[in-house]
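Quick notes on the structure that follows.
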Protein chains: 2
Amino acid sequence: MKYLNITLRHLRTFVIVARYGSFNKAADELSRTQPAITLAIKQLEEFVGLKLLERTTRRVMPTAEGENFMPVAERLVRDFDAAISDLKATAERRVGNISIAIVPSVANQLLPPIIKTFSNHFPGINLLLNDDTARAVQQKVERNEVDFGIGSIWQPSSLLKYTPLFADKLELVFHRDHYLSESDKPVRWDALHGETFLDSGITKNMLARQALGQSKFDFPNITTLLAMLRSNLGVSVLPSLAIPKADGELRSRPLEPSESRNIHLITRNDWTLSPAAEAMIETIINEIPTQIKALGLSPHHDIEAE
Amino acid sequence: MKYLNITLRHLRTFVIVARYGSFNKAADELSRTQPAITLAIKQLEEFVGLKLLERTTRRVMPTAEGENFMPVAERLVRDFDAAISDLKATAERRVGNISIAIVPSVANQLLPPIIKTFSNHFPGINLLLNDDTARAVQQKVERNEVDFGIGSIWQPSSLLKYTPLFADKLELVFHRDHYLSESDKPVRWDALHGETFLDSGITKNMLARQALGQSKFDFPNITTLLAMLRSNLGVSVLPSLAIPKADGELRSRPLEPSESRNIHLITRNDWTLSPAAEAMIETIINEIPTQIKALGLSPHHDIEAE
DNA sequence: ATAGGTTTATAAGAATAGATTATTAATTTA
DNA sequence: TAAATTAATAATCTATTCTTATAAACCTAT
């Protein structure tokens, strides 16, 4: 015994012995042998320089100091166990906080049923949803402001890891009174040359879009853009998820060649996700096939839009 | 690692590493080597199933869970240390309570300066003094109502341990008008046969006293007895400490053969004393020689009176 | 009183965990 | 790009903490 380190094990032993009034019973309870108990108590007593348990071969009872120390030791043991099991609860995904940055279309259309499934499964986990532009999503992940992001790739960053989730196919959107609504067949991109093109941020980086040249109108806010379309001011290209399907005034047609905005899970590649976040991601990946089927989206990632 | 036991050492290591943001600095602080720190953190993380510290070879910082756990772990470590050092403080006799049962003569004459010395030395310790008859002193020790007793031996008990402190020599006491006051030479016991003997409880068990036969007067209360003596009602035998030296009306002479009431420290032999009580006893044993010299008593234990 | 059973203490050996040294791999800084 | 710094790993050694076996103390019951 070069230098004795008193540990919680000593306190735990003391508490159990005092509680049972017996070294043997305590040994039993603690799944150790009686000499081990004797040693632990001896070490504790030697370390503090106090006799804590008065013992004959027949009876064990705390001394006055032992009596005073009992509740203290009990609390220490309890607190320690509680702290560790809290930590384990976190690890077991029973509690935690998740914050997600996500683009609005996905947040509104795809996520609600997934969140429902998730919170049924992990009722102790709190979720904070930040909906934002693809660019802001990426930045928030980079800055570690959120656990992970969901969105398209703004500017590929070596800090980030992108896991494809699904392809959000681009469609041409216009008013029902527009002449394009005469058919619902695919439209070729070059057919759009004569049209008034209402631009959204979403298609900014897309190759095919660039062929159309600079547009006169720019609507970074999708809601505004939709309002413009409802006024039949022009046509626009939007990912399927961003198009309100139940809107009686609007119509849409596929584009040719088919192009998609690919939605990714965005994480930092030098960072470990919290178990809660991992659980969320698992749920998302499991649920997505069901959801995209329900919404008529493609799980495939045909032509990459970036 | 068959079954890993998480100890406070792990938490302490975690706290220090998180605080310094470095395994090496923590190793330094904890007087261990860096691999030992690595191992401890690894064990903790494996046990709870959570990554607590995000580390590259260059930087160490807590994960979200680690961040949450920090204050918890800090408190656990702090509480543990505080509890142990409290316990040690008790052992170091800085705090505590002592109750003593003691016969009045010793309490009044001998103890006050000793208590003064003691409380200077251990200001944190509270003292409760029960003065009582020799019989009650013994009983209180037997029943564990007090930490220890000081008095003569009433009835030797195997439960108790008697440590002789000093001898309180018996003297013959009488009024200054009594004819015995003509001299101050020792008086033989058998010279008392014709005298009116006023009995106190104190001499009850003494051999020489028994030769005098039954007395007419019994005064268990010494104060009453002294009052009787002041009225010159008779003579009595009292231990030196019980005789008020400054009383102008009373005189005393030694007895022959000399006999003493031996004052003992009385403890239970199956019980460990609290450190505070031990400190008190130490002080008593150290101080008694000075005090008995000051009072002109004998440190020797000549003829035992029991 | 004494014998038997039950309890804690002690001793010696084995098993386990923990620490150290030496080295590697990764990353920042100059 | 090289040097320096840092954490991880591997191998070895040390020290602690068990267990088994035994002794000593104490109560209970015959």
Side-chain angles (χ1 to χ4, degrees), chain A residues 1-47 51-63 66 158-159 268-272, chain B residues 1-48 51-63 66 157-161 268-272:
Chain A
M1 182 161 51
K2 211 168 199 174
Y3 179 77
L4 180 54
N5 238 320
I6 287 300
T7 69
L8 260 195
R9 189 178 45 86
H10 292 97
L11 300 198
R12 181 169 273 129
T13 308
F14 166 73
V15 166
I16 301 292
V17 172
R19 208 175 275 162
Y20 281 90
S22 158
F23 281 53
N24 279 303
K25 294 230 184 70
D28 208 39
E29 170 79 22
L30 295 165
S31 306
R32 291 186 278 164
T33 54
Q34 167 263 315
I37 306 302
T38 298
L39 180 67
I41 295 296
K42 207 169 156 191
Q43 287 177 336
L44 177 59
E45 289 182 333
E46 266 171 26
F47 183 77
K51 193 155 215 183
L52 295 172
L53 294 168
E54 197 62 58
R55 40 203 189 273
T56 66
T57 57
R58 209 67 200 173
R59 197 178 317 285
V60 175
M61 58 183 305
T63 61
S158 63
L159 266 178
R268 281 185 59 136
N269 54 23
D270 65 341
W271 205 261
T272 314
Chain B
M1 184 160 51
K2 211 168 200 176
Y3 178 73
L4 180 55
N5 238 319
I6 288 300
T7 70
L8 262 194
R9 188 178 46 85
H10 292 97
L11 300 198
R12 181 169 273 127
T13 307
F14 166 72
V15 167
I16 300 293
V17 172
R19 208 175 274 162
Y20 281 91
S22 159
F23 280 53
N24 279 304
K25 294 230 185 69
D28 208 38
E29 169 79 21
L30 295 166
S31 306
R32 289 186 279 165
T33 54
Q34 169 263 313
I37 306 301
T38 298
L39 180 66
I41 295 296
K42 208 169 157 190
Q43 287 178 338
L44 178 58
E45 288 182 334
E46 265 172 26
F47 184 77
V48 299
K51 193 156 214 181
L52 294 172
L53 294 168
E54 199 63 57
R55 42 201 187 274
T56 68
T57 57
R58 209 66 199 172
R59 197 179 316 286
V60 175
M61 57 183 306
T63 61
S157 157
S158 61
L159 265 178
L160 302 178
K161 191 171 86 181
R268 281 186 58 136
N269 54 23
D270 64 340
W271 206 261
T272 313

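A note on names: the letters A, B, ... follow the listed sequences, proteins ahead of strands, and every chain is numbered from 1.
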N/O donor-acceptor pair under 3.5 Å between [X] side chain and [Y] backbone:
X       : Y       : answer
A:Glu45 : A:Leu52 : yes
B:Thr38 : B:Gln34 : yes
A:Thr13 : A:Ile37 : no
B:Thr63 : B:Leu53 : no

Once you round it to whole Å, what is the distance between [atom2] of [N] and [atom1] of [X]?
X       : N      : atom1 : atom2 : answer
A:Arg12 : D:dC18 : CZ    : P     : 13 Å
B:Lys25 : D:dT5  : NZ    : P     : 12 Å
A:Ile37 : C:dT10 : CD1   : P     : 16 Å
B:His10 : C:dA17 : NE2   : P     : 10 Å
A:Met61 : C:dT7  : CE    : P     : 17 Å
B:Ile41 : C:dA19 : CD1   : P     : 12 Å

Closest to the [X] side chain, choosing from [options]:
X       : options               : result
A:Ser22 : C:dA22, C:dT8, D:dA7  : C:dT8
A:Thr33 : C:dG18, C:dA9, D:dT19 : D:dT19
A:Thr38 : D:dA7, D:dT19, C:dT8  : C:dT8
B:Val60 : D:dC18, D:dA7, D:dT19 : D:dA7
A:Leu39 : C:dT21, C:dT8, D:dC18 : D:dC18

Original post:
Got B:Arg55 and B:Ile41 here, is their nearest side-chain heavy-atom distance under 4.5 Å?
Top reply: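 When only atoms from C-beta onward are counted, B:Ile41 and B:Arg55 do touch, with a gap below 4.5 Å.
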
**OP:** Kindly indicate whether the side chain of B:Arg268, heavy atoms from C-beta on, has any atom under 4.5 Å from the side chain of B:Lys161.
**Re:**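 No; the side chains remain at least 4.5 Å from each other.
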
Original post:
Which part of the nucleic acid, if any, lies within contact of B:Arg59, taking any heavy atom under 4.0 Å across all strands shown: a base, the sugar-phosphate backbone alone, or nothing?
Top reply: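 Contact class for B:Arg59: none.
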
**OP:** Give A:Arg9 one of three labels, base, sugar-phosphate or nothing, depending on what nucleic acid heavy atoms sit under 4.0 Å from its own.
**Re:**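 The answer is sugar-phosphate, as A:Arg9 gets under 4.0 Å only of primed atoms, P, OP1 or OP2.
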
Subject >> Pairwise 5' ranking along DNA chain C for A:Asn24 and B:Arg32, keeping only the more 5' one >> reply: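 Result of the comparison: A:Asn24.
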
**OP:** Using five pairs at either end of the helix from C:dA1-D:dT30 to C:dA12-D:dT19, determine the angle between the two local helix axes and round it to 10 degrees.
**Re:**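 The two end axes of the helix from C:dA1-D:dT30 to C:dA12-D:dT19 meet at 10°.
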
**OP:** Check the pair A:Tyr20 / A:Val60 against side-chain contact (heavy atoms from CB on, under 4.5 Å), numbers first and verdict last.
**Re:** CA-CA 9 Å; A:Tyr20 281 90; A:Val60 175; over 6 Å; no

